[in-house]
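In the text below, chain A, chain B and the rest are named by the order of the sequence lines, each starting its count at 1. Computation of the quantities below employed the complete heavy-atom set of this structure, encompassing side-chain atoms and omitting hydrogens, waters and symmetry-equivalent molecules. Just so it is clear, the structure is predicted and the values come from calculations on it, not from any experiment.
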There are 2 protein chains.
Amino acid sequence: MSEDYSLRSVQVTLPPLARFTQFLQARGKRVTEQRRLIVEMIYSHHAHFDADELMGHLQDLIARRKISRPTVYRTLSEVVEAGLLRKMTLGRRRVYEHDYGYPRHDHLHCEMCNKLIEFHSEDLERIRDAVAREHEFQIIGHRMFISGICADCRKLDERKR
Amino acid sequence: MSEDYSLRSVQVTLPPLARFTQFLQARGKRVTEQRRLIVEMIYSHHAHFDADELMGHLQDLIARRKISRPTVYRTLSEVVEAGLLRKMTLGRRRVYEHDYGYPRHDHLHCEMCNKLIEFHSEDLERIRDAVAREHEFQIIGHRMFISGICADCRKLDERKR
DNA sequence: CTACTTGCAAATCATTTGCAGATGA
DNA sequence: TCATCTGCAAATGATTTGCAAGTAG
């Protein structure tokens, strides 16, 4: 039984690559050099990024023909499917963020500098649950964006005047 | 002063096409046959729609060469810019909804039938304001989606079993 | 071995653009 | 009049796919 606990704790703290390996193996997929390199790159920075920025970070490997663009896209989808990454759309940009070993949160999106500020609110979740209950709606998840101008940009703006 | 009030009230109750005409004229743009036809079609249904569905509704006019696809896209952007339409992304679908003479709301999105259910919550707005205040963030707007399974689909699902 | 993967080149596909002719103010 | 629009055809550009060769298990 203490075994159960340690297993559980191992699972939660499993590094992303190991977690992804689990996912692949569970589906009879293979752990290839490319998939390893891509996932390592994704988790070497903690930031929001789009496919093209990731390509940028992988440019050496892409130039050396170790990885191709289609493989990056294919892997990105798998990593999302594995639940390690969350995909969202900001305007016309498709952005990814870490979604593993990372607390649930929503975003403030600055329309001036494009920065994303994360926040978490239990109250928000309570309201979400209440609304869903009213509509007999079964929640899978939610997504909330507050758009506006961040403190930094406001200060910059004030200085200009 | 009572003048102010009546002006304000006229403005709010202006039909969409008239409001769009205002917008165009204020920018030295022209009120063309195509723009009129497209805006009329958009406001003849109250529903969420994507560019392709709108093309469908306009297919007669498109077939008769009265309107072209590029013009539909161009006009759609202008109508969004005019604040009459709101654009959002659902998965890979770009969806528009009326945003004029229509109350602010958020959405429950059914992942089974793809239906959008609208709701409004003052509590949600209060929380949004509180979060923004904490971060000294100036709000322009927000967007919230709750995804899951709607009541109808749940019932269908239960019957199947 | 052999089924799963990859890189390549080509296809997609919704949306956008350049341009010459048409048209609203 | 003449600047703004439009339709057309073509361009875009991110993402996806078909396929033959490569490789993990």
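Considering only side-chain N and O atoms, A:Arg69 lies nowhere under 4.0 angstrom from the phosphate OP1 or OP2 of D:dT15. Contact between the side-chain N/O atoms of B:Thr32 and the OP1/OP2 oxygens of D:dT6 is found at a separation under 4.0 Å. At D:dT16, none of the side-chain N or O atoms of A:Tyr73 fall inside 4.0 Å of OP1 or OP2 (strictly under the cut-off). Between A:Arg65 and C:dC8 there is a side-chain polar atom (N or O) within less than 4.0 angstrom of OP1 or OP2.
If B:Arg94 and A:Ile67 are placed on DNA chain C by their nearest nucleotide, the residue sitting closer to the 5' end is A:Ile67. Between B:Thr75 and A:Glu33, the residue anchored closer to the 5' end of DNA chain D is B:Thr75, taking for each the nucleotide with the nearest heavy atom. For the pair B:Gly28 and B:Ser68, both in contact range of DNA chain D, the more 5′-proximal nearest nucleotide belongs to B:Gly28.
Note on B:Arg92: only backbone sugar-phosphate atoms sit closer than 4.0 angstrom, heavy atoms only; bases stay farther off.
Taking the six-membered ring wherever Trp is involved, the centroid distance between the rings of B:His107 and B:Phe145 falls below 6.0 Å.
A donor-acceptor contact shorter than 3.5 Å links the side chain of A:Arg154 to the backbone of B:Glu136. Judged by distance alone, with hydrogens and angles left aside, the side-chain atoms of A:His98 form a donor-acceptor pair with the main-chain N or O of A:Ile42 at under 3.5 Å.
Between the C1' atom of D:dT23 and the CZ atom of A:Arg35 lies a distance of 12 Å, rounded to the nearest Å. As a whole-Å value, the separation of B:Leu76 CG from C:dA14 P is 15 Å. Atom NZ in B:Lys29 sits about 6 Å away from atom P in D:dC5, given to the nearest Å. Taking atom NZ of residue B:Lys66 and atom C1' of nucleotide C:dA22, one finds them 12 Å apart after rounding to whole Å. Atom CG in A:Leu24 sits roughly 13 Å away from atom P in C:dC4 (whole-Å rounding). Look at CG on B:Leu37: it is 14 Å from C1' on D:dC5, rounded to the nearest Å. Straight-line distance from the CG atom of B:Asp52 to the P atom of C:dT16: 13 Å, rounded to whole Å. If you measure from atom CD of A:Glu78 to atom C1' of C:dC4, you get 11 Å, rounded to the nearest angstrom.
When the nucleotides D:dC8, C:dT5, D:dT16 are ranked by their closest atom to the side chain of B:Pro70, D:dC8 comes out on top. When distances run from any side-chain atom of B:Val31 to the nucleotides C:dA25, D:dC5, C:dT16, the shortest one goes to C:dA25. Closest contact between the side chain of B:Arg74 and the listed nucleotides D:dT6, C:dG7, D:dT15 involves D:dT6. Closest to the B:Gln34 side chain, of the nucleotides C:dT16, D:dG7, D:dT15, is D:dG7.
Taking 3.5 Å as the limit, the base of D:dA3 and the side chain of B:Arg30 contain a donor-acceptor pair of atoms between them.
Side-chain atoms of A:Asp106 and A:Glu118, non-hydrogen and from C-beta on, never get closer than 4.5 Å to each other.
Interatomic distance, B:Ile38 CD1 to B:Glu33 CD, rounded to the nearest 0.5 Å: 10.5 Å. From B:Leu124, atom CG reaches atom CZ of B:Arg104 across 13.0 Å, with rounding to the nearest 0.5 Å.
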